[in-house]
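Excluded from the calculations below are hydrogen atoms, water molecules and symmetry mates; all remaining heavy atoms, backbone and side chain alike, are included. To find a chain, count down the sequence lines: A is the first, B the second, and so on, and within it residues start at 1.
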Number of protein chains: 2
Amino acid sequence: MTTTTRGFATIQQRDLVNQIADMLTEALLKGDFAPGVHLAEAQLARDFGVSRAPVREAARLLESRGMLVSQPRRGFFVRTFNADELDDVYDLRLCLERHAIRLLAGKLTAGMEAALSDQLETMRRVARNGTAVQQIEEDVAFHRMLCEFSGNHRLVRVFDELCHEMRFCILLIGQLYDDALRVADTHEPILEALRTRSPEAGEAALDYHIGVAQQRVVEMFRERAKG
Amino acid sequence: MTTTTRGFATIQQRDLVNQIADMLTEALLKGDFAPGVHLAEAQLARDFGVSRAPVREAARLLESRGMLVSQPRRGFFVRTFNADELDDVYDLRLCLERHAIRLLAGKLTAGMEAALSDQLETMRRVARNGTAVQQIEEDVAFHRMLCEFSGNHRLVRVFDELCHEMRFCILLIGQLYDDALRVADTHEPILEALRTRSPEAGEAALDYHIGVAQQRVVEMFRERAKG
DNA sequence: CGACTGTCGAGTGTCGACAGTTTGGAGATT
DNA sequence: AATCTCCAAACTGTCGACACTCGACAGTCG
């Protein structure tokens, strides 16, 4: 959080574009728009009570995040995913996190370890009494920490992009965690491997953890496409 | 090239936004704008002879590609790179290509091998009589093929983004290849390793090849920042 | 009956304009 | 001389409007 010299939080210059982008994102994740449907600028502008200009820019933003696609002279459409694309996303995500773990294993500090441990505790807490969305967010936050602690900021940016897409697909499926507490526990081996400072052990733990999730999510997604 | 049933090339619907984005990209890569300088929409609009709307959208596009950054109420600025950021880009690029090689080693077809071999030949040709820009493009094309043949389309997209940034930095440095022919030759071991279908050998060849480039480019970039 | 053509509504691409903000400098003050 | 204040110019964010394009539907001709 950026702060002024007096310690006040700076007033967020949340212009219309970002507000609209956030609202659209939320609507997309809530499933208000079916994949593939056309988003008319003028209609959205009326809905939000603004002109088309900021709507266009917000849509472009979401396009760059892979949530919308545009066709010349036809406008914006909600991004459609197929199971293969989702599989690619998970594959790439694993690639990134493996790399992050490899980097991280060589320079894990006590502070990082504590932060990861805390995050795991948070996951367990929301697993007991939290919404599905919260559970997903805290899960993502753990993995994001791994990326952050790797020290490669560019990697984090790509990870964030992939997360947007995974979230999109997961919430499209409906529900993911039948036993959130058990899912939270499966992160323990990753942290355990990191404590041994062994890149190989870390990669192995990740391979298993993400591999299971990938298989499960992609499978559910493939089923949903059929039914 | 898409064609109609009679063989006509489809008319490119190149709207202003894409044209402007391309021209801006070219100008940035040519070094017409120093890193960090402010790009005024109205001025660009006058230069291009259009209104501000398409200029804004083009700028947003370049922002999403990481070539510009924007600040609320202040507008767009040419992205500045420091050596550490460039190092991150190369680090991530190696991560991606290692993954691509790993995937590719298991399913290399004769067609893929021939394509890579051809591309290597093209590199040698432009190394003898081609511009520095051509040499870089053909070099990138070889590595892009590796990503494409991996079968993970999402990976290719990220690779393309990283390439934009690397190109930006490399052309900022001025020149890269003192001996382009030798550089082209250093790709041979990668192809050779792939022929043995060994993921480990492929990764090792890549590690060396990209490691050398990374060290060299980042070093040159760091020097330039000082002088 | 089928294929082509003209028309119409919806929607995007682009433009010029206005309001509020930021910036840089002239002038005043210490 | 250095710093502060205030103002004007420049710039961004947003808006409403217009022209052109696309897709659909009805009508026409073979």
Side-chain angles (χ1 to χ4, degrees), chain A residues 2 4-6 8-25 27 32-64 67-80, chain B residues 2 4-6 8-25 27 32-64 67-80:
Chain A
T2 50
T4 67
T5 50
R6 289 201 194 169
F8 290 127
T10 50
I11 294 174
Q12 285 290 56
Q13 287 277 16
R14 289 178 47 78
D15 49 351
L16 286 183
V17 175
N18 282 319
Q19 289 185 54
I20 295 170
D22 286 352
M23 293 174 98
L24 274 179
T25 301
D32 290 353
F33 302 105
V37 304
H38 181 217
L39 296 185
E41 296 171 9
Q43 185 58 52
L44 291 176
R46 275 194 295 276
D47 294 345
F48 289 122
V50 297
S51 74
R52 278 174 47 216
V55 171
R56 271 178 81 89
E57 293 201 19
R60 281 259 197 263
L61 195 60
L62 266 61
E63 184 187 16
S64 76
M67 307 189 69
L68 300 179
V69 294
S70 73
Q71 294 179 27
R73 292 270 168 209
R74 307 231 10 244
F76 294 92
F77 300 81
V78 179
R79 160 81 181 272
T80 61
Chain B
T2 50
T4 67
T5 50
R6 291 206 189 165
F8 289 127
T10 50
I11 293 173
Q12 286 288 54
Q13 287 276 18
R14 291 179 48 76
D15 50 348
L16 285 184
V17 174
N18 282 320
Q19 288 185 54
I20 295 170
D22 286 353
M23 294 173 98
L24 274 181
T25 301
D32 290 354
F33 302 106
V37 304
H38 181 213
L39 295 185
E41 296 171 10
Q43 185 58 52
L44 290 176
R46 275 192 295 274
D47 293 345
F48 288 124
V50 298
S51 75
R52 279 173 48 216
V55 171
R56 271 179 82 88
E57 293 202 18
R60 279 264 199 261
L61 195 61
L62 266 61
E63 185 187 15
S64 78
M67 307 189 69
L68 301 180
V69 295
S70 73
Q71 295 179 27
R73 295 262 168 214
R74 306 222 18 236
F76 294 92
F77 301 81
V78 179
R79 160 81 180 274
T80 61

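- In this structure, the nucleotide among D:dT12, D:dT14, C:dT14 sitting nearest to the side chain of B:R73 is D:dT12.
- If you measure from atom CZ of B:F76 to atom C1' of D:dC11, you get 13 Å, rounded to the nearest angstrom.
- If you measure from atom CZ of B:R60 to atom C1' of C:dG13, you get 18 Å, rounded to the nearest angstrom.
- The separation between B:L61 atom CG and C:dG13 atom P is 13 Å, rounded to whole Å.
- Between the NE2 atom of B:H38 and the C1' atom of C:dT21 there is a distance of 12 Å, given to the nearest Å.
- Contact detail for B:A21 and B:A58: the closest heavy-atom pair is N-CB, 3.8 Å.
- Rounding to whole angstrom units, CG of residue A:N18 and P of D:dG13 are separated by 10 Å.
- Counting to the nearest Å, the C1' atom of C:dT12 and the CD atom of A:E57 are 15 Å from each other.
- Side-chain proximity of B:E41 to the nucleotides D:dG13, D:dG23, C:dG13 is greatest for D:dG13.
- A sub-4.0 Å separation between OP1 or OP2 of C:dT21 and a side-chain N or O of B:R74 is absent.
- Nearest approach of A:V78 to A:P35, heavy atoms of both residues: CG1-CA, 3.7 Å.
- Between A:F33 and A:L24, some side-chain heavy-atom pair lies under the 4.5 Å cut-off.
- With no hydrogens or angles considered, no side-chain donor-acceptor pair links A:D15 and A:Q19 at under 3.5 Å.
- Atom OG of B:S70 is separated from atom CZ of B:R56 by 9.0 Å, given to the nearest 0.5 angstrom.
- The separation between A:D15 atom CG and C:dT22 atom C1' is 15 Å, rounded to whole Å.
- Between the CZ atom of A:R56 and the P atom of C:dG11 there is a distance of 14 Å, given to the nearest Å.
- Within the 3.5 Å criterion, the main-chain N or O of A:R74 finds a donor-acceptor partner in the side chain of A:H38.
- Contact annotation for B:L39: backbone-only contact, meaning every heavy-atom pair under 4.0 Å involves sugar-phosphate atoms and none involves a base.
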Write down the protein N/O and nucleotide N/O pairs, taken from nucleotides 15-18 of chain C, whose separation is under 3.5 Å; answer none if there are no such pairs.
| from | atom 1 | to | atom 2 | distance (Å) |
| --- | --- | --- | --- | --- |
| C:dC15 | OP2 | B:S51 | N | 2.7 |
| C:dC15 | OP2 | B:S51 | OG | 2.8 |
| C:dC15 | O5' | B:S51 | OG | 3.4 |

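- Taking each heavy atom of A:P54 and A:L16 in turn, the nearest pair found is CB-CB, 4.1 Å.
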